[in-house]
Amino acid sequence: MTDEPYAEIWEGGLRNDLREVIFDAKTIESKVVEIGQRITKDYADKDPLMLGILKGSYPFLADLTRAVNLPLTVDFMAVSSYGAGTKSSGVVRILKDLDRSIEGRHVIIVEDIIDTGLTLHYLRQTLRGRKPASVEIAALLDKKAVRKGKELEDMGARYVGFECPDEFVVGYGLDYKGRYRNMPFIGVLRPEIYS
Ligand code: IMP
């Protein structure tokens, strides 16, 4: 693995629950910096609100905001679209709303992964009703194949890190039953862990 300085910590242990690592820490870091540079350019002379969707976005939001050289502010929303399983329920609930009004603000929703797209579709609609100056999406992963041919195929996310294979992935914020979020890399869980 090329996950310096984490490599030693992640030999064995929880790492053994993965069938394979698909994005290592260095690969993620370079991509996040690249997205940060794009946002810095695109929002020059603006003070965007970077809106992290809890809990999965926390590592991405932390790394991404450090790669954006602008007077941005940060807020969080918590939504729930999944139960404890690995399939989308299609039901989106707001568990924690924003602390402040977004009227007139340039909002960038920061999300870990777009799967069915239901969560972001719902969120974007809700936020647009609150009169922001603009709403864009930054997602680290996009499971495009899942939405092929469906109404939600094009989520119109302005910033996407990687296209994600149609597998259940964990790490870098993504969880299975609340675990694995702390892994600095993203990998595919061994099927026997969730079957
Ligand atoms: P969507 O509404 O189907 O797009 O689901 C988005 C949410 O589902 C994400 O924010 C994740 O919390 C969760 N999710 C989707 N796919 C995965 C996965 O492969 N691993 C872990 N969580 C996932």
Is there a side-chain contact between [X] and [Y] (heavy atoms, below 4.5 Å)?
X	Y	value
V79	Y122	no
I39	E136	no
Y180	L14	yes
L18	V170	yes
V169	F23	no
I137	V160	no
L49	R100	no
L64	I35	yes

If I take atom [atom1] from residue [X] and atom [atom2] from residue [Y], how far apart are they, to the nearest 0.5 angstrom?
X	Y	atom1	atom2	result
M183	D24	CE	CG	13.5 Å
I108	K46	CD1	NZ	10.0 Å
M77	L98	CE	CG	5.0 Å
S134	H106	OG	NE2	5.0 Å
I186	L141	CD1	CG	4.5 Å
L140	E111	CG	CD	10.5 Å

Taking atom types as modelled, is there a side-chain donor on Y159 or D42 under 3.5 Å from an acceptor on the other? yes
Is it the case that the side chains of T73 and R105 hold a donor-acceptor pair, with the cut-off being a distance below 3.5 Å and no angle test? yes
Decide yes or no on side chain to side chain contact (heavy atoms under 4.5 Å, CB included) for V92 and H121, but give the supporting numbers first. CA-CA 10 Å; V92 180; H121 184 74; over 6 Å; no
Could you go through R19 and L189, starting from their C-alpha distance and side-chain angles, then the distance that decides it, and tell me whether this counts as side chain to side chain contact (heavy atoms under 4.5 Å, CB included)? CA-CA 6 Å; R19 194 187 74 205; L189 214 48; over 6 Å; no
Closest non-hydrogen atom pair between [X] and [Y], with its separation:
X	Y	result
V135	P132	CG2-CG, 3.5 Å
I114	A157	CD1-CB, 3.9 Å
P71	D47	O-CB, 3.3 Å
I28	P184	CD1-O, 3.8 Å
Y43	P48	CD2-CB, 4.0 Å

Hey, is CD on E192 packed in by over 12 heavy atoms from elsewhere, all under 6.0 Å? yes
Counting neighbours of CG on N69 that are heavy atoms of other residues, nucleotides or ligands and sit closer than 6.0 Å, is the number greater than 12? no
Salt bridge (charged side-chain N to carboxylate O under 4.0 Å, His left out): pairs with one or both residues in residues 58-76, sequence neighbours excluded: D63-R66
Contacts of type side-chain hydrogen bond (donor to acceptor under 3.5 Å, both in side chains), residue D45, not counting sequence neighbours: none
Test side chain to side chain contact (heavy atoms under 4.5 Å, CB included) on R124 and L127; report intermediate values, then the result. CA-CA 5 Å; R124 193 158 55 180; L127 294 176; 5.9 Å; no
Geometric cation-pi criterion K31 and F162, 6.0 Å radius, 45° cone: yes
Indicate yes or no for a side-chain donor-acceptor contact from K96 to the backbone of F76 under 3.5 Å, with no hydrogens or angles considered. yes
Any link between V32 and L72 through a network of hydrophobic side chains (Ile, Leu, Val, Met, Phe, Trp, Tyr) touching at under 4.5 Å? yes
Contacts table for residues 52-62: side-chain donor-acceptor under 3.5 angstrom, sequence neighbours left out:
{"from": "S57", "atom 1": "OG", "to": "I53", "atom 2": "N", "distance (Å)": "3.0"}
{"from": "S57", "atom 1": "OG", "to": "I53", "atom 2": "O", "distance (Å)": "2.9"}

If you apply the rule side chain to side chain contact (heavy atoms under 4.5 Å, CB included), what do you find for F185 with R15, and how did you get there? CA-CA 10 Å; F185 38 78; R15 161 85 177 72; 3.5 Å; yes
Can you tell whether the side chains of D112 and R181 come within less than 4.0 Å, N to carboxylate O? no
